[in-house]
Amino acid sequence: MRQVSMHRLSQFVFYIMGYLLLLEWLYPLKALTDIDNMYIFFIFLALPFLLHCLKLKTSLKTVLLVLYIIWATYFLYYSAFSFFNIQWIIAFISDVSQSIVSLFQLDINNMSFSFQTLLLFFLLWVMTYLIHYWVMIQRSIFLFFFLSVLYVTILDTFTPYNGDWAIVRLFIIGLLLLGNLTFFRLIQRESLFISPKQYSIWLLPLVFMIVLSSMLGFASPKFPAQWPDPVPFFVSYSEKFKDDKPSVNKVGYGLDDSTLGGDFIGDDTTVFVAKTSEKHYWKVESKSIYSGKGWYAEGNTRIESFDNGQAIPEGCCSQNVKQSKLLVDEVDVKLPYVHIPYAEPMAESTIISQDSERGANVSFLYTPMNNRVVSLDLEQQHIKLDRYRTVYRMPVFDKAKLQEVKGMPETELFRTYTELPDFTPNDEEVQSRLRQLAESITEGKTNWYDKAKAIEDYFDKPEFIYDHENIPYPKENQDFVEQFVFDTKRGYCDHFSTSMAVLLRTIGIPTRWVKGYTEGEYKKYEDGKIVYEITNNNAHSWVEVFFPNIGWVPFEPTKGYNNPTRFENTKSNTATQDKTPEQEKEATKKPEPKETEKNTPKTQTSFNDKVKVFIEKWSDNWQMVVASIGLIVLIVMALFMSRRRWLPYIWFWYFSRKDTEETFVKAYEVLLKQLQRSGLKRMQNQTLREYANFVDETYQINEMSELTFYYEKVVYRGENSMENWKQAKILWKKVMKTTIT
């Protein structure tokens with residue numbers, strides 16, 4: 001009874017210390033991310049240890065943990081519904097299924113927060129099992145202790161997280177755990193029995209020595225840093241980031257875009273909250289004049305007014321563009337501006353004021369040249385709305401029709417949106433250099449759409465990096481695009497979008513630079529719609545390309561962002577409509593291979609191309625690669641560490657199909673290895689009978705000694721192995737099953 005009590009006490013102590021170690025992995029997430037309600041994850045970390053102490057069956061523990069995860073997910077993301085409302089379950093399943101698709105497409109940005117939370121819960125679950133295995137089975141925690149220290153030190157070095165006290169806590173907890181495990185390994189090896197009182201007598205000096213050494217180490221004088229901070233140290237050696245005009249801006253929507261470049265810092269101030277049916281960008285305005293340093297709006301533009309509830313003038317699509325069903329967005333403004341963010345302007349958009357003070361007594365002004373909408377009161381003065389709705393239809397562009405466009409007449413629109421700066425002596429040289437780059441990127445492309453896509457995809461190459469730190473302004477006689485494309489290749493949305501717009505202009509394709517906000521951050525699912533929070537961090541710029549008889553089509557060149565615009569391809573459905581039967585028959589014939597091709601492996605080129613595409617795609621998403629490798633490693637480690645539980649079932653199946661002379665001997669050897677995995681290691685000078693008695697005493701059974709009796713008759717007396725195996729098989733299975741539980 002004392003031994004059982006001592007075992008439970010040690011198990012409880014080990015789980016407490018393992019839990020405290022795991023908490024050190026969670027604390028940095030609170031400091032470095034915007035994760036709220038961290039107590040939910042703290043509770044989840046404690047649950048597996050508590051369930052292990054209660055000796056519940058694995059199936060019951062799994063059910064309880066899954067139920068907790070479901071409740072936590074509901075509480076965090078779907079609490080607007082009743083828990084027993086089927087709508088939140090449908091929304092949750094939809095989010096998970098869409099996120100799984102995004103995961104396989106390496107589209108990390110489109111994974112829902114609920115799915116990311118599920119992955120975090122799964123990771124924590126695996127880590128708690130690893131702690132259980134290392135502590136209770138292997139009695140060795142040094143590897144995890146070392147990884148924990150390494151994890152905290154790396155975060156302390158390369159992130160804003162301050163790990164000073166975390167290192168102290170890890171030192172104390174880790175040494176306590178290592179000391180206790182060493183003590184219990186010694187007890188197990190020598191088959192000793194101790195009482196809780198004896199254990200406490202041994203524990204007090206250990207605690208005293210560890211606390212004393214920690215205090216001395218923390219209070220003692222220390223050498224100053226022997227090396228500079230590695231991050232600025234590495235950056236300082238790059239000429240690309242030396243800046244003659246240092247400045248740090250705050251991210252957000254601004255009107256002055258005449259000088260692009262420089263660093264910016266994040267700002268999570270909420271601008272507005274939108275309840276939408278479709279994910280889309282929020283457009284505010286576009287600009288057409290590129291100066292070499294930034295963008296200006298066209299001067300002396302005409303302005304059109306429209307009443308509350310009317311469609312934006314000239315905002316409707318061409319007849320050649322398919323449109324979605326009628327959609328309605330509700331916008332609650334938190335940081336009022338005069339300008340009105342609205343959905344894709346190519347589609348029919350109506351703005352309806354729901355202002356708490358003015359209600360419907362609002363009108364609007366629209367500037368066709370820059371697509372800007374502002375709100376007016378009854379006195380025609382600019383006002384800031386606090387609430388409005390937009391009713392609109394989203395365009396669906398047909399790629400086949402876009403690919404038919406190969407040029408257009410030199411109209412006023414064409415000249416305006418293909419204009420390039422001509423202010424300095426080297427502008428012509430810069431344009432020539434950019435034109436050569438654009439032509440090399442679009443080589444072999446015959447239509448505007450394919451050329452635009454080629455340039456859009458060009459900025460997804462590994463050498464281009466999205467960042468908002470260490471970003472220089474261009475030098476006095478240096479073009480903004482020239483600097484980004486040929487020199488730094490490092491920047492944010494303004495760099496990517498401006499570069500794409502200018503490169504397209506150099507080859508005669510009209511473009512304009514567009515500003516607004518991305519869709520925002522998902523908050524919850526409510527009344528059949530998704531609620532997004534749009535902050536200053538969501539301020540963004542992108543590109544629109546003009547296609548005759550179609551209109552302005554959005555493109556998204558910024559690395560890490562996805563174009564929400566809808567495209568469809570009807571070319572495959574219509575490509576054979578106009579062909580005669582003879583033409584179709586001729587088209588389906590396989591061409592005879594050329595003489596030089598007959599001896600060449602057909603898959604060589606395609607395989608190399610696939611490998612190249614695979615490497616480029618994954619190198620652009622290195623975060624996903626690291627996360628995937630880490631997840632695979634954790635799964636493999638979990639399977640390896642838990643082999644004590646699942647491997648016996650494979651051996652049951654294997655030996656049920658074997659009935660030879662060697663079966664008994666092999667089965668007994670398998671059992672010895674399984675017992676060793678369970679923590680019952682056989683000592684070097686220990687006989688089989690002594691070891692069998694030790695196993696029986698530990699598990700409080702008699703089967704191991706009986707099984708060993710049959711085994712010795714086969715090995716030492718040479719009796720019939722098959723006959724003894726028939727009698728010992730049931731005993732063997734019982735001992736194997738005992739090691740599982």
Side-chain angles (χ1 to χ4, degrees), residues 257 278 280-290 295-298 301-302 304 311-324 339-349 366-373 390 392-419 447-453 455-456 493 496-505 507-518 540-558 561 563-568:
D257 303 298
E278 295 281 342
H280 59 76
Y281 283 179
W282 295 86
K283 183 169 183 177
V284 175
E285 64 179 327
S286 64
K287 294 189 176 181
S288 57
I289 301 176
Y290 174 64
W295 291 92
Y296 296 88
E298 180 73 20
T301 56
R302 63 187 176 90
E304 297 190 16
I312 299 175
E314 302 183 10
C316 191
C317 292
S318 164
Q319 296 295 325
N320 296 323
V321 178
K322 181 180 175 182
Q323 296 185 28
S324 71
H339 57 253
I340 306 294
Y342 55 98
E344 172 56 47
M346 275 293 299
E348 177 184 347
S349 274
Y366 173 69
T367 308
M369 182 56 72
N370 61 16
N371 309 125
R372 199 160 182 257
V373 176
T390 61
Y392 60 97
R393 299 179 188 273
M394 294 292 289
V396 182
F397 296 104
D398 186 351
K399 291 183 181 179
K401 291 182 179 178
L402 294 173
Q403 288 170 334
E404 293 174 359
V405 178
K406 300 180 180 180
M408 68 174 291
E410 291 194 12
T411 60
E412 182 65 26
L413 183 147
F414 177 85
R415 287 189 290 272
T416 299
Y417 293 104
T418 56
E419 184 180 4
N447 61 79
W448 281 9
Y449 176 78
D450 289 342
K451 290 181 179 181
K453 282 297 295 178
I455 291 179
E456 181 186 53
C493 58
F496 288 89
S497 56
T498 299
S499 298
M500 178 179 178
V502 171
L503 285 175
L504 285 173
R505 287 190 176 193
I507 55 176
I509 298 178
T511 60
R512 65 186 181 190
W513 189 66
V514 189
K515 294 175 57 183
Y517 301 90
T518 59
H540 191 56
S541 61
W542 60 98
V543 179
E544 287 182 352
V545 179
F546 183 78
F547 289 82
N549 301 320
I550 295 175
W552 292 98
V553 180
F555 287 84
E556 178 53 273
T558 302
Y561 288 77
N563 190 356
T565 306
R566 295 183 180 184
F567 292 91
E568 64 178 7

Between Trp448 and Gly508, the two heavy atoms sitting closest are CZ2-O, 3.6 Å

Can you name the side-chain contact (heavy atoms from CB on, under 4.5 Å) partners of Glu404, sequence neighbours left out?
none

Identified side-chain hydrogen bond (donor to acceptor under 3.5 Å, both in side chains) partner of Asn371 from the options Lys287, Lys283, Glu285
Lys283

Taken in chain and number order and not counting sequence neighbours, the residues that satisfy side-chain hydrogen bond (donor to acceptor under 3.5 Å, both in side chains) with Ser497 are Trp513, Ser541

Value rounded to 0.5 Å, distance of CD1 in Ile509 from OH in Tyr449:
12.5 Å

OH on Tyr290 to OG1 on Thr498, rounded to 0.5 Å
7.0 Å

Can you tell me how far the CG atom of Asn549 sits from the CE atom of Met408, to the nearest 0.5 Å?
9.0 Å

Residues two or more places apart in sequence or in another chain: which of them pass side-chain hydrogen bond (donor to acceptor under 3.5 Å, both in side chains) with Asn447?
Asp450

Heavy-atom check, side chain of Val514 versus side chain of Pro554, under 4.5 Å
no

Can you tell me how far OH of Tyr366 sits from OG of Ser349, rounded to the nearest 0.5 angstrom?
9.5 Å

To the nearest 0.5 Å, how far apart are CZ in Arg512 and OG1 in Thr416?
11.5 Å

Does Trp295 reach the side chain of Ser286, with side-chain heavy atoms less than 4.5 Å apart?
no

Applying salt bridge (Lys or Arg N to Asp or Glu O under 4.0 Å), name anything that partners Glu412, two or more places apart in sequence or on another chain.
Arg415

What's the separation between atom OH in Tyr342 and atom OG1 in Thr390, rounded to the nearest 0.5 Å?
11.0 Å

Intermediate values then yes/no, side chain to side chain contact (heavy atoms under 4.5 Å, CB included), Val321 and Phe397
CA-CA 6 Å; Val321 178; Phe397 296 104; 4.0 Å; yes

Short side-chain to backbone donor-acceptor contact, Asp398 and Lys322, under 3.5 Å:
no

Can you list the steps and then say if Asn563 with Trp542 is a side chain to side chain contact (heavy atoms under 4.5 Å, CB included)?
CA-CA 9 Å; Asn563 190 356; Trp542 60 98; over 6 Å; no

Without hydrogens or angle criteria, can the side chains of Arg505 and Thr511 be said to hold a donor-acceptor pair below 3.5 Å?
yes

Apply the side-chain hydrogen bond (donor to acceptor under 3.5 Å, both in side chains) test between Arg566 and each candidate in Glu278, Gln323, His280; give the one that qualifies.
Glu278

Taking every non-hydrogen atom, the tightest pair across Phe414 and Pro409
CB-O, 3.6 Å

Check each of Trp282, Phe496, Tyr561 against His540 using the ring pair (Phe, Tyr, Trp, His ring centres under 6.0 Å) test, and report the only one that passes.
Tyr561

Residue set satisfying ring-ring contact (aromatic ring centres under 6.0 Å, His included) with Phe546, at least two apart, ordered chain then number -> Trp552

Side-chain H-bond candidate by donor/acceptor type, Asp257 with Tyr296, under 3.5 Å
no

For Glu456, which residues count as a salt bridge (Lys or Arg N to Asp or Glu O under 4.0 Å) partner, sequence neighbours excluded?
Lys453

